[in-house]
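Below is one structure, written out as structure tokens, with a few remarks after it.
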Number of protein chains: 2
Amino acid sequence: MNGEVLDLPKEVHLCDMRGMLSFTILWLLSKRSMYGQELATEIGKRRGGKPNPGTIYPALKDLASHGLIEARVEGRNSVYRLTKEGAMSLTKSKEYFERAFGDILLESGPKSMAK
Amino acid sequence: MNGEVLDLPKEVHLCDMRGMLSFTILWLLSKRSMYGQELATEIGKRRGGKPNPGTIYPALKDLASHGLIEARVEGRNSVYRLTKEGAMSLTKSKEYFERAFGDILLESGPKSMAK
DNA sequence: ATAGATATATCGGACGCCCAACATTTTTAT
DNA sequence: ATAAAAATGTTGGGCGTCCGATATATCTAT
């Protein structure tokens, strides 16, 4: 089902190079709860293009089915929040991400990354 | 089997989160020329597991077919080097990568990323 | 109340990445 | 000379991401 990769626990299923969208969603939700279109807009700022519904909603559904996020319906919105499991998964994913790409980003210079 | 890559001109599918392997290969080759198994080993250090032949060789073939890298056969090795086009593609990819993920890595703290 | 905007959701097809397994060629060791 | 090791390469299947198209439900104008 998931591609099993790397040396990470099997339940942390976002740690190959294909899981960047899910990783980004978890990270954004660790900042604040959002509904689907808010997430799409935030991702759009980073990527340079807002992902289509066919991209974002299946990803949310998948994360929810794995218990990493939870939805709470509010009118026409489904507001997602990070679960405790999602937070743990994010921590491990960040460690992997940092090891894999940290020096690549660092060489660009933290000054160019400064807010 | 292995179609388009991360060329990343704006009209094409800029902002794709699927091109991380090719991106990593280009970045490694910008440091020094390497042959396939050297690349696989370097990627393994970052990811935590050495990619299989079925992962690395098709990726190299695809990058070469797009003119982003070039092979020079040396005995039993095929040594790859970055082309001028590959260098330009890498520059654009790095800009995208930094915008998409810079702040995520920054919050972990550059000290934890220091060599 | 009707129309428009907003948000959610699914489908089909494509692509990039991933592995395990198998196969071939070249170098090195015995 | 023969075997082992190293490097390259292919095949087959699966999965996550991506888009465009389509559909439905809910708020917000008018």
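Computed from a predicted structure; not experimentally measured. Order of the sequence lines sets the chain letters (A, B, ...), proteins ahead of strands, with each chain counted from 1.
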B:R18 side chain near D:dC19 phosphate (N/O to OP1/OP2, under 4.0 Å):
no

Starting at the 5' end of DNA chain D and moving along, which residue's nearest nucleotide shows up first, B:Y80 or A:P51?
B:Y80

Are A:K61 and C:dT10 close enough that a side-chain N or O sits under 4.0 Å from OP1 or OP2?
yes

B:I25 CD1 to D:dT8 P, straight-line distance once rounded to whole Å:
12 Å

Do B:E107 and A:K31 have side chains that approach each other closer than 4.5 Å (heavy atoms only, starting at C-beta)?
yes

Distances under 3.5 Å only, N/O to N/O: pair up the protein atoms with those of nucleotides 25-30 of chain D.
none

Please write out which residues are connected to B:Y35 in a hydrophobic cluster, directly or through intermediates, given that two of Ile, Leu, Val, Met, Phe, Trp, Tyr count as joined at side-chain heavy-atom separations below 4.5 angstrom.
B:V79

Among residues 28-39 of chain B, which residues get a heavy atom nearer than 4.0 Å to DNA chain C?
none

Atom NZ of B:K50 and atom C1' of C:dA20 are separated, to the nearest Å, by 16 Å

Contact class for B:N52 vs. all strands (heavy atom < 4.0 Å): base, sugar-phosphate, or nothing?
base

Closer than 4.0 Å, any side-chain N/O of A:T55 to the OP1 or OP2 of D:dC19?
yes

Take the protein atom CG of B:D62 and the nucleotide atom P of C:dC17, then report the distance between them rounded to whole Å.
8 Å

d(CD1, A:I56; P, D:dG16) in whole Å:
15 Å

According to the side chain to side chain donor-acceptor pair (under 3.5 Å) rule, which pairs have a member within residues 76-88 of chain A, sequence neighbours left out?
A:E70-A:R81

Kindly point out which of D:dT17, C:dA9, D:dT8 is positioned nearest to the side chain of B:Y57?
D:dT8

Within this structure, what is the CG-to-P distance between A:L60 and C:dT8, rounded to whole angstrom?
8 Å

Classify the ring geometry of B:F101 against B:Y96: parallel below 30°, tilted from 30° to 60°, perpendicular beyond 60°.
perpendicular

B:K45: which residues meet the salt bridge (Lys or Arg N to Asp or Glu O under 4.0 Å) condition with it, sequence neighbours left out?
B:E42

Distance, rounded to the nearest Å, where A:R72 contributes CZ and C:dT8 contributes P:
13 Å

With the side chain of A:S78 defined as its heavy atoms from C-beta on, choose the nearest nucleotide among C:dT10, C:dA9, D:dC18.
C:dA9

According to side chain to side chain contact (heavy atoms under 4.5 Å, CB included), who are the partners of B:S65, at least two apart in sequence or on a separate chain?
B:D62

Partners meeting salt bridge (Lys or Arg N to Asp or Glu O under 4.0 Å) with A:E95 (sequence neighbours left out)
none

Taking side chain to side chain contact (heavy atoms under 4.5 Å, CB included) as the test, write out the residues that go with B:Y57, two or more places apart.
B:Q37, B:P53, B:L60

A:N77 CG to C:dT6 P, straight-line distance once rounded to whole Å
12 Å

Here the distance between atom C1' of D:dG16 and atom CG of A:L68, to the nearest Å, is 14 Å

Salt bridge (charged side-chain N to carboxylate O under 4.0 Å, His left out): which pairs involve residues 48-60 of chain B, sequence neighbours left out?
none

Of all heavy-atom pairs linking B:L29 and B:M34, the shortest is CD2-N, 3.7 Å

